[in-house]
Amino acid sequence: MDSKHLLKSEPTPKLTDIPPLGMDADSLHFDFRRYYNHTLGRDRYCRTPHYLYDSLALTLRDRLMERWKNTRFAHDESNCKRAHYLSLEFLMGRALGNAVLNLGLEEELTRALSDLGLEMEELAECEHDAGLGNGGLGRLAACFLDSCATLQLPVIGYGLRYRYGMFRQVLKNGEQVEEPDHWLRQGNPWEIERPEYTQRVKFGGRSEVKRGRDGSLGARWVDTHDVVAVPFDTPIPGFKNGTVNTLRLWSAMATEEFDLGEFNAGLYPEAVGAKNEAEKITMVLYPNDASESGKELRLRQQYFLASASLQDILQRWVNVEGINLEGFADKNCFQLNDTHPTIAVAELMRLLLDDQALTWDEAWEITTRTMAYTNHTLLPEALEKWPVRLFRQLLPRLLDIIYEINARFLGEVARKWPGDVDRLRRMSIIEEGPEPMVRMAYLAIIGSFSVNGVAELHSRLLREGLFKDFYELWPEKFNNKTNGVTPRRWLAYCNPQLRDLISETIGTGWISELSQLSRLSMHAEDPKFRRRWLEVKEQNKKHLARVVKSQCDIEFDPAALFDIQVKRIHEYKRQLLNVLHVIHLYDRLKRGDLADWTDRCVLIGGKAAPGYFMAKRIIKLINNVARVVNEDPEVDGRLKLAFFPNFRVSAMEFICPAADLSEQISTAGKEASGTGNMKFMMNGAITIGTLDGANIEIREEVGDENFFLFGLSAEEVEQTRSNYDPEAIIAGDEDLGRVMQLLKSGHFNQFAPGIFDPILRTLTSRNDPWLTLADFRSYIEAQKQAAAVFQDRDAWAKMSILNTACSGKFSTDRTMQQYSREIWGIDPVPAFPVE
Ligand code: 21N
């Protein structure tokens with residue numbers, strides 16, 4: 001720590017010994033008014049609710065602050081092992097409602113506010129989502145933090161404080177337009193800046209290498225351009241347990257010297273430009289969810305996170321334990337959220353070798369005992385590779401280290417498989433070719449003691465396919481950790497009516513022990529309980545219908561089947577299959593085929609990566625089909641289709657409680673896990689899905705009779721590819737024939753001929769990687785079955801209740817218990833009580 005930040009004299013304990021804040025309505029009421037009037041200086045003429053929101057956030061933050069400090073003290077004094085979750089994304093969403101729930105303040109706060117004529121929900125709406133992530137991977141990190149705090153696990157999140165989060169999606173003429181998400185514009189009451197923990201990160205320059213007597217590398221990294229990393233901490237409250245953990249996000253700042261040289265040379269604009277260059281690093285989140293960006297700035301972001309975080313952790317170690325790093329690996333571990341922060345493997349080696357003067361073997365021992373890697377995708381286009389050339393330019397010292405890791409590793413492979421040159425080529429960190437590349441996944445596997453996938457099927461496919469060579473070398477590294485979601489945000493907070501019904505029926509223990517939901521099963525037979533269950537769903541559907549009306553100007557009838565698919569738009573997720581089904585239903589209505597008809601409202605939402613042409617064209621198709629279907633008098637309201645704009649965490653909070661049917665229809669073998677599927681299930685939606693990702697485990701838990709299964713299995717998908725003949729499928733299926741004819745005829749693009757040709761071409765290509773038409777028939781049949789069951793309100797209610805009742809496995813509390821016991825080797829540490 002910088003000595004200029006330290007006081008010369010020890011302050012009296014009186015400075016920090018203060019009584020705890022009241023958790024009653026009167027204390028909250030008093031503090032809220034004090035913030036509004038005295039701190040923010042507003043008066044009765046102020047008409048914007050934002051200052052009311054700020055006053056409330058500050059009132060709550062004070063209560064978090066004292067618990068936060070007590071948690072830190074408890075961790076420090078117990079000298080416990082800690083886990084550090086390194087992630088380029090934390091999709092936190094809003095903090096206020098979650099803080100109220102986890103602090104157990106819902107009742108008292110409602111009283112305090114109602115006395116002032118205010119409602120919490122209205123103030124909560126003022127908060128901008130912290131959208132510092134793309135999709136599942138980023139939201140998973142956020143759910144993990146909630147569960148770690150609730151389980152009182154000493155886990156710290158490390159990420160980047162992007163000034164612009166995930167873009168805002170607006171629709172113009174049915175097409176996606178991106179707008180910047182300046183989420184910090186109105187300030188962020190949930191973060192506190194910690195300049196005292198500032199770090200310095202190096203870029204560029206040269207590496208001067210010299211080999212030591214024991215063969216180890218000694219080196220100096222010189223002539224670097226440094227960037228300063230300033231941490232901002234966000235409190236992560238556990239559920240009613242006094243624990244508040246930390247999410248630490250780094251913000252890039254120019255060093256003071258950075259511009260000085262140029263400034264002195266009279267190049268003032270250039271100096272300020274250089275400052276911008278440094279601060280660009282944390283300016284914006286990359287918005288591609290499932291393909292690597294390949295951009296230099298992205299690699300800068302990754303290294304900035306890895307280096308600042310590791311230096312922070314090592315500095316703490318040295319401050320507390322001194323320079324002896326022997327016990328470091330017993331007290332620390334790092335979880336790499338996909339390959340994005342994997343440069344941490346080489347960076348930890350650099351810090352241990354160059355700064356701490358350890359030998360290679362000592363440093364490698366610490367690295368491989370502390371690093372653990374989670375893979376989130378099998379899609380080849382998402383596997384990160386960086387040009388060696390770029391590494392040499394930007395991180396020359398790290399490239400030296402990667403080469404050395406690779407040389408020693410290939411030696412090990414050669415000893416195990418003498419003469420197997422092809423295996424050496426396959427397993428090398430460096431992919432040879434005209435432009436040699438660094439394969440980040442291989443660096444992650446080689447540098448880690450644990451490699452995990454995120455659902456059973458996904459982990460098996462990693463062992464048998466993508467990482468087969470590595471599995472043969474190190475089977476003991478490989479394991480599965482099926483994803484989950486936090487039941488606090490995704491049931492107790494977002495669905496208060498269902499929460500109250502469940503708690504009235506089985507008590508409140510389920511909120512922190514979700515397997516208790518199984519006690520609902522016996523009530524699934526009770527007609528009165530079923531009626532109340534359906535009443536809650538109906539209320540939630542009415543709420544969603546109001547939002548759809550205001551956002552999309554489309555009327556949803558709450559009595560209809562609410563059929564929902566919300567997730568990033570990607571061809572493998574097959575939003576197109578959903579659209580083909582909607583067109584098929586439309587075609588049935590037009591032909592007067594009303595046999596066993598069920599009214600249906602289909603909602604599709606999600607963002608497309610800005611550079612992903614096909615995904616954007618799929619959005620356009622959804623909107624065009626919606627317009628034709630919704631406006632056709634012959635359809636007469638029996639079928640509705642809406643595209644929900646700007647899908648995000650805070651939207652999912654009212655969407656998932658209102659779903660009847662959850663669409664999880666990816667090509668089998670492509671969706672690593674899925675987590676939206678779990679949110680829907682918890683809230684009593686029934687899944688229509690393929691045997692992909694965690695769908696398989698959802699079906700195992702709930703039983704085949706409470707799940708609408710369709711489609712090829714992952715094995716069948718691979719067998720089908722070689723003789724896939726979509727034209728033959730169309731010829732053999734009249735319904736599909738008519739759907740394709742409608743599309744081809746331009747029925748949905750009367751004034752823009754040809755715009756859907758690219759979509760038609762992939763659907764009818766023998767090389768369509770997503771095999772959409774192969775699953776058409778079985779999808780239509782499963783949909784028909786769902787529609788039929790929906791008519792039988794009692795049968796549907798029972799299935800819905802059983803879905804919630806069987807969702808216990810999909811709590812991140814279970815997931816985090818497994819990570820903590822089977823990977824991290826950490827134990828819970830109770831926080832000191834506030835008193
Ligand atoms: C998801 F832009 N993986 S979101 C899985 F370069 N990867 O698809 C899902 F910066 N993102 O099945 C699973 O449930 C979820 O993870 C949680 O395990 C995701 C990768 C990504 C790639 C590049 C970039 C950003 C993100 C970018």
Side-chain angles (χ1 to χ4, degrees), residues 88 134 201-209 217 219 221 223-225 277 280-281 284 286-307 336 338-347 349-350 373 375-411 413-414 420-448 462 465-470 609-614 767 769:
L88 270 286
N134 273 285
V201 178
K202 302 182 195 198
F203 289 99
R206 301 166 291 112
S207 152
E208 289 179 345
V209 187
L217 286 172
W221 186 3
D223 296 342
T224 54
H225 296 279
E277 209 53 38
K280 255 208 295 219
I281 293 178
V284 61
Y286 273 90
N288 324 20
D289 68 315
S291 71
E292 50 142 356
S293 70
K295 294 282 198 296
E296 171 180 337
L297 181 59
R298 170 77 174 172
L299 182 58
R300 282 183 188 269
Q301 291 184 336
Q302 297 183 346
Y303 180 65
F304 185 73
L305 167 64
S307 183
L336 307 173
D338 213 294
T339 51
H340 314 156
T342 288
I343 189 63
V345 169
E347 175 65 1
M349 288 300 288
R350 185 188 73 84
Y373 158 55
N375 173 284
H376 294 266
T377 182
L378 293 154
L379 298 184
E381 62 268 34
L383 294 177
E384 285 194 297
K385 291 173 193 171
W386 292 106
V388 166
R389 184 182 39 79
L390 178 58
F391 251 97
R392 186 172 296 119
Q393 221 180 74
L394 196 65
L395 307 169
R397 177 65 187 128
L398 287 112
L399 184 62
D400 293 342
I401 291 171
I402 291 171
Y403 276 154
E404 182 69 17
I405 292 172
N406 199 36
R408 290 170 185 247
F409 166 68
L410 292 179
V413 175
D420 194 343
V421 236
D422 194 56
R423 192 181 286 264
L424 290 176
R425 185 193 52 73
R426 290 202 308 268
M427 296 181 80
S428 173
I429 297 175
I430 308 299
E431 177 184 275
E432 295 300 342
E435 170 85 271
M437 305 285 262
V438 182
R439 296 159 160 159
M440 299 308 279
Y442 294 4
L443 177 61
I445 298 172
I446 294 162
S448 298
L462 288 180
L466 198 56
F467 299 152
K468 184 160 182 287
D469 288 327
F470 291 91
Y612 189 172
F613 169 82
M614 277 298 256
N767 299 317

### Task
Begin from the C-alpha positions of Val345 and Leu336 and carry the test side chain to side chain contact (heavy atoms under 4.5 Å, CB included) through to its verdict.
CA-CA 10 Å; Val345 169; Leu336 307 173; 4.3 Å; yes

### Task
Would you please name every residue forming a ring pair (Phe, Tyr, Trp, His ring centres under 6.0 Å) with Phe304, sequence neighbours left out?
none

### Check: Gln302 and Glu384 side chains under 4.5 Å, non-hydrogen atoms
yes

#### Entry: Test ring pair (Phe, Tyr, Trp, His ring centres under 6.0 Å) applied to Tyr303 - qualifying residues, sequence neighbours left out
Phe203

### Query
Less than 4.5 Å apart, any side-chain heavy atom of Gln301 and any of Leu305?
no

### Query
Can Lys295 and Arg300 be said to form a side chain to side chain contact (heavy atoms under 4.5 Å, CB included), step by step?
CA-CA 9 Å; Lys295 294 282 198 296; Arg300 282 183 188 269; over 6 Å; no

### Message
What's the separation between atom CZ in Arg408 and atom CD1 in Ile446, rounded to the nearest 0.5 Å?
### Response
13.5 Å

### Summary
Here the gap from Asp338 atom CG to Leu88 atom CG, rounded to the nearest 0.5 Å, amounts to 9.5 Å

### Message
Going by side chain to side chain contact (heavy atoms under 4.5 Å, CB included), name the residues that satisfy it together with Asp223, two or more places apart in sequence or in a different chain.
### Response
Arg206

### Message
Which heavy atom of Trp221 sits nearest to which heavy atom of Leu394, and what is that distance?
### Response
CZ2-O, 4.0 Å

### Query
Tell me the salt bridge (charged side-chain N to carboxylate O under 4.0 Å, His left out) pairs involving residues 430-447, sequence neighbours left out?
Lys385-Glu431, Arg389-Glu435, Glu431-Arg439

### Query
Can you name the closest pair of heavy atoms from Thr377 and Ala382 and give their distance?
CG2-CB, 3.5 Å

#### Entry: Audit row: Leu395, Glu347, side chain to side chain contact (heavy atoms under 4.5 Å, CB included) steps and yes/no
CA-CA 10 Å; Leu395 307 169; Glu347 175 65 1; over 6 Å; no

### Query
What residues form a ring pair (Phe, Tyr, Trp, His ring centres under 6.0 Å) with Phe391, not counting sequence neighbours?
none

### Query
Are the side chain of Asn406 and the backbone N or O of Ser428 linked by a donor-acceptor pair below 3.5 Å?
no

### Query
Which atom names give the shortest non-hydrogen contact between Lys280 and Leu297, and what distance separates them?
O-CD1, 4.1 Å

### Query
Which heavy atom of Arg426 sits nearest a heavy atom of Tyr442, and at what distance?
O-CE2, 3.2 Å

### Query
Closest approach of Ala306 and Pro341, non-hydrogen atoms and distance?
CB-O, 4.2 Å

### Message
Is there a side-chain contact between Leu383 and Leu466 in this structure, where contact means two heavy atoms from C-beta onward sitting under 4.5 Å apart?
### Response
yes

### Summary
The reported gap from CZ in Arg425 to CG in Leu410 (rounded to nearest 0.5 angstrom) is 12.0 Å

### Query
Is the backbone N or O of Glu296 less than 3.5 Å from a side-chain atom of Trp386, with the two atoms forming a donor-acceptor pair by type?
no

### Query
Are side-chain heavy atoms of Ile281 and Val201 found at a separation under 4.5 Å?
no

### Query
Can you find a heavy atom in the side chain of Ile401 that is under 4.5 Å from one in the side chain of Glu404?
no

### Query
Does the side chain of Ile445 come within less than 4.5 Å of Phe409's, by heavy atoms?
no

### Message
Holding to side chain to side chain donor-acceptor pair (under 3.5 Å), I want the full list of residues that pass it with Asn375, two or more places apart in sequence or in another chain.
### Response
Tyr373, His458

### Message
Could you tell me if the side chain of Asn288 sits less than 4.5 Å from the side chain of Asn134, heavy atoms only?
### Response
no

### Side chains of Ser307 and Arg350 in contact at under 4.5 Å (non-hydrogen atoms)
yes

## Note on the structure
Output for pair (Ile343 CD1, Leu299 CG), nearest 0.5 Å, gives 6.5 Å

### Message
Go through it in stages, so that I can follow the logic: the residues are Leu462 and Leu378, the test is side chain to side chain contact (heavy atoms under 4.5 Å, CB included), and I'd like the CA-CA distance, side-chain angles, deciding distance and then a yes or no.
### Response
CA-CA 8 Å; Leu462 288 180; Leu378 293 154; 3.6 Å; yes

### Message
Ignoring hydrogens, what is the shortest heavy-atom contact between Gly204 and Thr224? Give both atom names and the distance.
### Response
O-CG2, 4.0 Å

#### Entry: Separation between CD1 of Ile429 and CD1 of Ile405, rounded to the nearest 0.5 Å
6.0 Å

